[in-house]
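Hydrogens, waters and symmetry mates play no part in the numbers below; they use all other heavy atoms, side chains included.
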Amino acid sequence: MGMFRRLKNSLCCVSNKYLLDDDDDDDDATIVDQDEPQFNGSLQRQQEVSEKQPLLSSFEQGENTRFYQTVPQQNQVVVKSVLRRKRSMTVVNAANAPRRRYNILLFGDSLTAGWCEGGYGTYHPYGLRLQKRFDEEGLDVEVTVSGVPGECCVHMEERLKRELEQPGKWYDWIVIMGGTNDVFQGYSAWDIFDGLKKLYTLSSKHGARILGITIPEYDWDAVNHLDYQRRIVNEHLNVYNNSTTRNAYTLFLLDRFLPMNCLTEEQRKVFWDSDGIHPTEDGYDLMGDMIFDILFKEGSWD
């Protein structure tokens, strides 16, 4: 674990805070390094989380026939699971004051589903770590994972509508990560950005705060020549972040804080799968830690 902590610190600038300063007068979104103490807890694999193995169900493809033609898979699935512990409806703090339940939806493709180790039946979503961190804070937060391996964000709109139209279900935060498969399928940067904006609009109408995530780096010879499209999308997301209010939309620069191509071979083996696209279980855990730090700081959890 000593080596893992050193690698994490080297990637995360020795801070567990990844807050985006989206003032309109900034040219780029910047990271604010807080002087607060780091949260305790290691990146050991989480235990005691109910339904740790995601629930798999068949996905009705409908018009989404282009999914995952470039990445091998056995079956088209929706990885959908509620990851919170089984406990009472409310959590009582030290002053015996009841706290309300908060709901977070993690929405996206295989990077949200937690595809790793080739993806054949093995899923370790970053939502596992996220749920564990909220549990450790004593907050009544329910994290729901909804990811479709191979799905393009230009096709996600109808699925998100179904998620948000469930009777009696509401989300305080929606974390959206998509675009990798769109790049692989040859969609233009503008089409990808437009697809993501539609998801943001749906989430905003639902009344949720939005955490957008940039498209991470990859290293796959078959598609490396398309990387410029990924960078353009991320630039559009940065501009969009600077043009919106912080209490409605926040952007996390995943490609900057969990890079791939600048890592040593040793670091890549720790955080990234050999397919050059997906994180390892440790990489997903690190993603969960970083996303928790943003949500915990930016959200109102009283």
Problem - Electrostatic pair Glu158-Arg162, nearest N-O below 4.0 angstrom - result: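 Not counted as a salt bridge, because no side-chain N and carboxylate O are separated by less than 4.0 Å.
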Exercise for the section: Determine, for Arg268 against Glu265, whether the closest basic-nitrogen to carboxylate-oxygen distance falls under 4.0 angstrom. Expected result: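 No, Arg268 and Glu265 are not salt-bridged.
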Exercise for the section: Report yes if some heavy atom in the side chain of Val233 is under 4.5 Å from a heavy atom in the side chain of Asp182; otherwise report no. Expected result: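 SC-SC contact between Val233 and Asp182 ruled out.
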Exercise for the section: Please examine the side chains of Arg129 and Phe292, heavy atoms only from C-beta on, and report whether any two atoms are closer than 4.5 Å. Expected result: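 Answer no - side chains too far apart.
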Kindly assign one of parallel, tilted or perpendicular to the pair [X] and [Y], based on the angle between their ring planes and the thresholds 30° and 60°.
| X | Y | value |
| --- | --- | --- |
| Tyr200 | Tyr249 | tilted |
| Phe257 | Phe252 | parallel |
| His206 | Tyr171 | tilted |

Strictly distance-based, threshold 3.5 Å: is any side-chain N or O of [X] a donor or acceptor partner for the main-chain N or O of [Y]?
| X | Y | answer |
| --- | --- | --- |
| Tyr123 | Ser110 | no |
| Trp272 | Pro259 | yes |
| Gln267 | Thr264 | yes |
| Thr280 | Val270 | yes |
| Thr214 | Leu254 | yes |
| Gln229 | Val183 | no |

Exercise for the section: Only counting residues at least two apart or in another chain, list the ones meeting salt bridge (Lys or Arg N to Asp or Glu O under 4.0 Å) with Asp194. Expected result: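 Per chain and number, Asp194 pairs via salt bridge (Lys or Arg N to Asp or Glu O under 4.0 Å) with Lys198.
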Practice task
Report the hydrophobic cluster partners of Tyr228, with the cluster defined as I, L, V, M, F, W, Y residues connected by side-chain heavy atoms closer than 4.5 angstrom, directly or transitively.
Solution key: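 Members other than Tyr228 - counting any ILVMFWY side chain reachable under 4.5 Å - are Ile232.
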Exercise for the section: Would you check if there is a donor-acceptor pair between the side chains of Asp285 and His124 at a distance under 3.5 Å? Expected result: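 On atom types as modelled, these side chains qualify, holding a pair under 3.5 Å.
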Handout entry: Distance-only polar pair, side chains of Gln131 and Asp135, donor-acceptor under 3.5 Å
Key =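 A donor-acceptor contact under 3.5 Å links the two side chains.
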Practice task
Drop me the distance from Leu258's CG to Leu253's CG, to the nearest 0.5 angstrom.
Solution key: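 Leu258 CG to Leu253 CG: 12.5 Å, rounded to 0.5 Å.
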Handout entry: Gap separating the CD atom of Glu157 from the NZ atom of Lys161, nearest 0.5 angstrom
Key =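 Interatomic distance, Glu157 CD to Lys161 NZ, rounded to 0.5 Å: 4.5 Å.
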Practice task
Answer yes if the ring centres of Phe134 and Tyr102 are under 6.0 angstrom apart, and no otherwise.
Solution key: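 Ring centres of Tyr102 and Phe134 not closer than 6.0 Å.
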Exercise for the section: Among residues two or more places apart or on two chains, list those pairs meeting salt bridge (Lys or Arg N to Asp or Glu O under 4.0 Å) that have a residue in residues 222-243. Expected result: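 Passing the test, one end in residues 222-243: Asp227-Arg230, Asp227-Arg231, Arg230-Asp255.
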Handout entry: Neighbour count >12 (heavy atoms, 6.0 Å) for atom NZ, Lys169
Key =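 Atom NZ in Lys169 is crowded, with more than 12 foreign heavy atoms closer than 6.0 Å.
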